[in-house]
Asks: 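The structure that follows is given in the form of structure tokens.
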Amino acid sequence: MEVLAALNLGDIAQVFSKMGMFPVFDVAYYIVSILYLKYEPGSVEVSRRSPVASWLCAMLYCFGSYILADILLGSSPIDYFQHNSHILLASAVWYLVFYCPLNLFYKCVAFLPVKLVLVALKEVVRTRKIAAGVHHAHHAYHHGLFIMVIVGYVKGSGVALISNFEQLLRGVWRPDTNEILNMSFPTKASLYGAILFTLQESLWLPVAKSTLILIFTLFMVTSKVVMTARHSHGSPFALIESWVCHLLFGSPLGGSEEDHHHAPAAAPSSPLKTKEELSEGARKRKAKKAE
């Protein structure tokens, strides 16, 4: 307790929670989001064939969570596009990632040490979006706990939840990659974070919001940076989820994943891996062959 008092954790949390996200943190969010878009199969070809479709996909990757949350709360789905500075900034990032001469910008931001910093900054934004979503829903539906959880969850992982629609813009339809069926770590963490912030907003969790934001941000940043550095697709929740699901539902969560381990070598890779690093590796191999 004396250590915590000496660190003035409450003051640090207050300063951190009031820290502005624009433009540094938001730029990092846009860069990482569009970087993951470029990893997707066919995205580079689409950017050459139809820049408009590529731009729309990039905007969905950057602002999909706002669009989906606005739809759920009865607002216009294009409401966020009134923020011209954010749209122009995200568009500039999209252009540099896909069209920068010699692919220099992509090579710089995809360089692992730089990418780790950008990933960390993106997770700061994700936590703020979850907290803001829960707070917004609390004002609209003061006693709607489930609505608060849903809106916070969507704000944190809306991009992944509408990924199938984004695939249609790229001329790809892969229903097996539905994020509800194959939840990635950020999606699960957004759900758990939305639950925590809902409990805090409803005064069921006796913790200051600024402190919860700081603690959850540290968890998200640490987890995602370690996973990115190790090229890991696991989840810190895996052990607990497996035990809880076995207790409640009679089978461990992700039991189908065990079947994948015993599948033939020719079997396709899991959707989660295809979304990020495996897609990046395949794209890099194609680039090397082209050179």
Asks: Measuring only between side-chain heavy atoms, which start at C-beta, is Leu35 closer than 4.5 Å to Tyr106?
Replies: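 Result yes, sub-4.5 Å side-chain heavy-atom pair found.
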Asks: I would like to know whether Tyr80 and His83 meet ring pair (Phe, Tyr, Trp, His ring centres under 6.0 Å); could you show each step before the answer?
Replies: CA-CA 6 Å; Tyr80 194 81; His83 302 291; 4.8 Å; yes
Asks: Find out whether Phe25 and Met19 are in side-chain contact, i.e. whether some heavy atom of one side chain is under 4.5 Å from a heavy atom of the other.
Replies: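 Of all side-chain heavy-atom pairs linking Met19 with Phe25, at least one is under 4.5 Å.
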Asks: What is the distance from atom CG of Leu96 to atom CZ of Phe105, rounded to the nearest 0.5 Å?
Replies: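 These two atoms lie 5.0 Å from each other.
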Asks: With no hydrogens and no angle check, just 3.5 Å: does a side-chain donor-acceptor pair link Ser190 and Thr187?
Replies: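 No - no donor-acceptor pair under 3.5 Å links their side chains.
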Asks: Taking all atoms of both residues into account, what is the closest heavy-atom pair of Leu68 and Ile162, and its distance?
Replies: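 Looking at all heavy atoms of both residues, the closest pair is CD2-CG2, 3.8 Å.
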Asks: Quick check: closest heavy atoms across Ala194 and Gly152, and the distance to 0.1 Å?
Replies: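 What the structure gives for the nearest pair is CB-C, 3.8 Å.
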Asks: If you apply the rule side-chain contact (heavy atoms from CB on, under 4.5 Å), what do you find for Thr198 with Phe146, and how did you get there?
Replies: CA-CA 9 Å; Thr198 297; Phe146 287 100; over 6 Å; no
Asks: Please round to the nearest 0.5 Å and tell me the distance separating atom OG of Ser232 and atom CE of Met227.
Replies: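 Those atoms lie 5.0 Å apart.
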Asks: Testing the basics here: between Leu145 and Ser202, what is the closest heavy-atom pair and its distance to 0.1 Å?
Replies: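 Looks like CD2-OG, 2.9 Å.
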Asks: Applying the side-chain contact (heavy atoms from CB on, under 4.5 Å) criterion to Ile31, which one of Val109, Asp26, Val119 satisfies it?
Replies: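 Passing option: Val109.
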Asks: I need the Phe197 CZ to Leu205 CG distance, nearest 0.5 Å.
Replies: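 Result: 10.0 Å between the selected atoms.
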Asks: Please give me the minimum heavy-atom distance between Ile213 and Ser17, naming the atom from each residue.
Replies: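 Between these two residues, the closest heavy atoms are CD1-CB, 4.3 Å.
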Asks: Given Tyr29, which of Lys129, Arg126, Arg128 fulfils the side chain to side chain donor-acceptor pair (under 3.5 Å) condition?
Replies: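 That would be Lys129.
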Asks: At their closest point, which heavy atom of Trp173 faces which heavy atom of Leu168, and how far apart are they?
Replies: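 Answer, listing the atom of Trp173 first, then Leu168: CE3-CD2, 3.7 Å.
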Asks: Examine distances only and state if a side-chain atom of Gln82 and a backbone atom of Asp79 form a donor-acceptor pair shorter than 3.5 Å.
Replies: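 Judged by distance alone, yes, a pair lies under 3.5 Å.
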Asks: Taking the six-membered ring for Trp, are Phe165 and Tyr61 closer than 6.0 Å centroid to centroid?
Replies: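 No, the ring centres sit 6.0 Å or more apart.
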Asks: Would you say the side chain of Phe111 lies within less than 4.5 Å of the side chain of Lys107, judging by non-hydrogen atoms?
Replies: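 Not touching, per the 4.5 Å side-chain cut-off.
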Asks: Counting N and O atoms only, with roles assigned by atom type, does the side chain of Ser33 sit under 3.5 Å from a partner on the main chain of Tyr30, one being a donor and the other an acceptor?
Replies: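 It does not hold such a pair.
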Asks: Is a donor on one side and an acceptor on the other found under 3.5 Å between the side chain of Gln200 and the backbone of Val207?
Replies: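 Flag set: sc Gln200 to bb Val207 pair under 3.5 Å.
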Asks: Walk me through it: do Arg49 and Val46 pass the test side-chain contact (heavy atoms from CB on, under 4.5 Å)?
Replies: CA-CA 5 Å; Arg49 187 172 66 252; Val46 170; 3.6 Å; yes
Asks: Quick check: does any side chain N or O of Thr127 sit under 3.5 Å from a backbone N or O of Glu123, one acting as donor and the other as acceptor?
Replies: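 Yes, Thr127 side chain to Glu123 backbone: donor-acceptor pair under 3.5 Å.
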Asks: Output the distance between atom CD1 (Ile67) and atom CG (Leu72), rounded to the nearest 0.5 Å.
Replies: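 Reported value, rounded in 0.5 Å steps: 12.0 Å.
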Asks: Is it true that Phe237 and Phe185 have ring centroids separated by less than 6.0 Å?
Replies: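 Ring centroids of Phe237 and Phe185 are less than 6.0 Å from each other.
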Asks: Got a sec: does the CG of Leu239 have more than 12 other heavy atoms crowding it under 6.0 Å?
Replies: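 Not buried by this count: 12 neighbours or fewer within 6.0 Å.
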Asks: Is it the case that Lys155 places NZ or CZ above or below the six-membered ring of Tyr66, under 6.0 angstrom from the centre and within 45 degrees of the axis?
Replies: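 No cation-pi geometry.
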Asks: How many angstroms lie between atom CG of Asp70 and atom CZ of Phe81, to the nearest 0.5 angstrom?
Replies: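 That separation rounds to 10.5 Å.
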Asks: If you define the side chain from C-beta out and look only at heavy atoms, does anything of Cys62 sit under 4.5 Å from His86?
Replies: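 Result no, sub-4.5 Å side-chain heavy-atom pair not found.
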Asks: Out of His142, Lys209, His139, which residue meets the side chain to side chain donor-acceptor pair (under 3.5 Å) rule with Glu201?
Replies: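 Result: among His142, Lys209, His139, Lys209 is the only option passing the side chain to side chain donor-acceptor pair (under 3.5 Å) with Glu201.
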Asks: To check you understand the geometry: which heavy-atom pair defines the closest contact between Arg170 and Glu166, and what is its length?
Replies: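 Distance-wise, the nearest heavy atoms are NE-OE2, 2.5 Å.
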Asks: Are the aromatic ring centres of Tyr99 and Trp94 under 6.0 angstrom apart?
Replies: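 Ring centres of Trp94 and Tyr99 closer than 6.0 Å.
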Asks: Find out whether Val244 and Leu248 are in side-chain contact, i.e. whether some heavy atom of one side chain is under 4.5 Å from a heavy atom of the other.
Replies: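 Sidechains of Leu248 and Val244: in contact.
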Asks: Can you check whether Phe16 reaches Val124 side chain to side chain, under 4.5 Å on heavy atoms?
Replies: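 Side-chain contact under 4.5 Å: yes.
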Asks: Do Met148 and His135 have side chains that approach each other closer than 4.5 Å (heavy atoms only, starting at C-beta)?
Replies: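 The answer is no; the side chains never approach within 4.5 Å.
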Asks: Are the side chain of Ser242 and the backbone N or O of Ala238 linked by a donor-acceptor pair below 3.5 Å?
Replies: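 No, the answer is negative, given that no donor and acceptor are paired below the 3.5 Å cut-off.
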Asks: To the nearest 0.5 Å, what is the distance between NZ on Lys224 and CG on Leu116?
Replies: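 That separation rounds to 10.5 Å.
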Asks: Are Tyr141 and Val151 close enough that some pair of their side-chain heavy atoms sits under 4.5 Å apart?
Replies: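 Tyr141 does not reach Val151 side chain to side chain.
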Asks: Glu179 and side chain to side chain donor-acceptor pair (under 3.5 Å): which partner among Ser184, Ser157, Ser163?
Replies: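 Single side chain to side chain donor-acceptor pair (under 3.5 Å) partner of Glu179 among Ser184, Ser157, Ser163: Ser184.
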Asks: Just checking, is any N or O donor in the side chain of Thr177 or Gln167 under 3.5 Å from an acceptor N or O on the other one?
Replies: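 Yes - a donor-acceptor pair under 3.5 Å links their side chains.
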Asks: Judged by atom type as modelled, is there a donor-acceptor pair below 3.5 Å linking the side chain of Ser43 to the main-chain atoms of Lys38?
Replies: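 Yes, Ser43 side chain to Lys38 backbone: donor-acceptor pair under 3.5 Å.
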